[in-house]
Amino acid sequence: MEKYLVPEPVGEGNLTDQWTRFKKEFNLFLLAIGKADASGENKDDFDTVVQKLDSVCARRTSKHVIRDRFFQMKQDHRTIDQFVADLRKQVKDCEFGALKDDLMLHVLIRGVDSDRMRRRLFESDKLELPKAIQMCQTMEATSADLKSRSNFNSSVAAVHYFSVDRGSRSNLSSQTVTGPRPCTNQTIQDRDRRSDRRSDRGPQC
């Protein structure tokens with residue numbers, strides 16, 4: 001059981017993410033075996049080692065790497081609010097200073113899914129981040145409303161079509177067929193009898 005709880009060592013990939021994952025799992029391991037509240041000289045040594053590893057792993061993820069991730073961010077079918085929230089979270093570690101809002105605006109315009117939305121943002125004069133976010137939210141809401149109306153109209157048209165089609169078939173089936181009565185065996189026999197009687201009478205003056 002204890003062997004199962006031992007976390008996997010730090011592997012390939014982002015060193016900071018790997019170390020954060022390992023440290024969390026190792027603390028859970030210590031808690032499971034009852035060593036989480038250990039004190040004394042060993043505890044002090046352990047905390048010192050963890051602090052040194054924290055500083056080493058944090059240094060490995062430079063601001064240039066973080067900035068590169070930020071500039072590559074895309075909306076990827078998220079809502080505008082979700083995309084903006086993720087941009088704000090990522091930009092905190094980029095150390096852009098006074099340029100933060102301008103660069104965030106650049107990534108927002110570049111990363112939105114809609115080409116139409118991107119053109120509207122490019123065409124806007126004196127565009128700043130708050131105005132751009134508001135424009136994106138408005139266009140997103142308008143697009144969703146138009147899509148909802150289109151789906152509703154399509155559903156109504158489909159119901160109307162099938163209702164009319166079913167009514168037409170019902171009317172056709174209920175119509176009475178008019179025209180000459182079809183000949184039956186009884187009709188043919190009656191006609192032959194009348195013809196025989198006329199023949200028996202002979203010529204009429």
>> Within the structure provided, determine whether Asp54 and Trp19 are in side-chain contact (heavy-atom separation under 4.5 Å).
In response: yes
> What heavy-atom pair brings Leu121 and Leu127 nearest, and what distance separates the two atoms?
Replying inline: O-CD2, 3.3 Å
> Checking Ser143 side chain against Met139 main chain: does a donor-acceptor pair fall under 3.5 Å?
Replying inline: no
> Looking only at heavy atoms, what is the nearest atom pair of Pro9 and Gln18, with distance?
Replying inline: O-OE1, 4.4 Å
> Is a side-chain N or O of Asp113 found less than 3.5 angstrom from the main chain of Asp76, in a donor-acceptor match?
Replying inline: yes
> Looking only at heavy atoms, what is the nearest atom pair of Ile66 and Gln90, with distance?
Replying inline: O-NE2, 3.4 Å
>> Please determine whether a side-chain nitrogen of the Lys or Arg among Lys89 and Asp86 lies less than 4.0 Å from a carboxylate oxygen of the Asp or Glu.
In response: no
> Under the 3.5 angstrom rule, does the side chain of Thr138 hit a backbone N or O of Gln134 as a donor-acceptor pair?
Replying inline: yes
>> Let's go through Phe70 and Leu87 carefully: what are the C-alpha distance in whole Å and the side-chain angles of both, what is the deciding distance for side chain to side chain contact (heavy atoms under 4.5 Å, CB included) to 0.1 Å, and is it a yes or a no?
In response: CA-CA 7 Å; Phe70 173 73; Leu87 287 175; 3.9 Å; yes
>> For a 4.5 angstrom cut-off between non-hydrogen side-chain atoms, does Lys63 reach Cys94?
In response: no
> Taking C-beta and beyond as the side chain, do Lys100 and Glu95 meet within less than 4.5 Å on heavy atoms?
Replying inline: no
> Out of curiosity, Leu31 CG to Phe26 CZ, how far, rounded to the nearest 0.5 Å?
Replying inline: 12.0 Å
> Just how far is it from atom CD of Glu140 to atom CE of Met117, taken to the nearest 0.5 Å?
Replying inline: 6.0 Å
> Quick one: CE on Met73 to CE on Met104, what's the gap to the nearest 0.5 Å?
Replying inline: 8.5 Å
> Between Arg110 and Leu105, is there a donor-acceptor pair closer than 3.5 Å when you use the side chain of the first and the backbone of the second?
Replying inline: no
> Can you tell me if Gln75 uses its side chain to pair, donor with acceptor, with the backbone of Gly111 under 3.5 Å?
Replying inline: no
> Do Leu30 and Phe46 touch side chain to side chain, with heavy atoms closer than 4.5 Å?
Replying inline: yes
>> So does His64 get a backbone contact from the side chain of Asp68, meaning a donor-acceptor N/O pair under 3.5 Å?
In response: no
>> Is the shortest side-chain heavy-atom distance between Thr79 and Val84 below 4.5 Å?
In response: no
> Would one find more than 12 heavy atoms of other residues, nucleotides or ligands at under 6.0 Å from atom NZ of Lys74?
Replying inline: yes
> When you check the gap from the basic side-chain N to the acidic O, do Glu123 and Arg119 get nearer than 4.0 Å?
Replying inline: no
> In terms of side-chain geometry, is the basic nitrogen of Arg149 or Asp145 positioned less than 4.0 Å from the acidic oxygen of its partner?
Replying inline: yes
>> How close do Arg78 and Phe83 get, counting heavy atoms only, and between which atoms?
In response: NH2-CD1, 3.7 Å
> Of all heavy-atom pairs between Gln137 and Asp81, which one has the smallest distance, and what is that distance?
Replying inline: NE2-OD1, 2.6 Å
>> If the threshold is 4.0 Å, N to carboxylate O, is there a salt bridge linking Asp93 and Arg67?
In response: no
> What distance separates Leu103 CG from Leu108 CG, expressed to the nearest 0.5 Å?
Replying inline: 12.5 Å
> Under 30°, 30 to 60°, or over 60°: which ring-plane class applies to Phe96 and Phe71, parallel, tilted or perpendicular?
Replying inline: tilted
> Would Val112 end up clustered with Leu146 when hydrophobic side chains under 4.5 Å apart are linked, directly or stepwise?
Replying inline: no
> When you look at CZ of Arg120, are more than 12 heavy atoms from neighbouring residues, nucleotides or ligands closer to it than 6.0 Å?
Replying inline: no
>> Tell me if a side-chain donor or acceptor on Arg118 pairs with a main-chain N or O of Ile109 at a distance below 3.5 Å.
In response: yes
>> Could you check whether atom NZ of Lys92 has more than 12 heavy atoms from other residues, nucleotides or ligands sitting under 6.0 Å from it?
In response: no
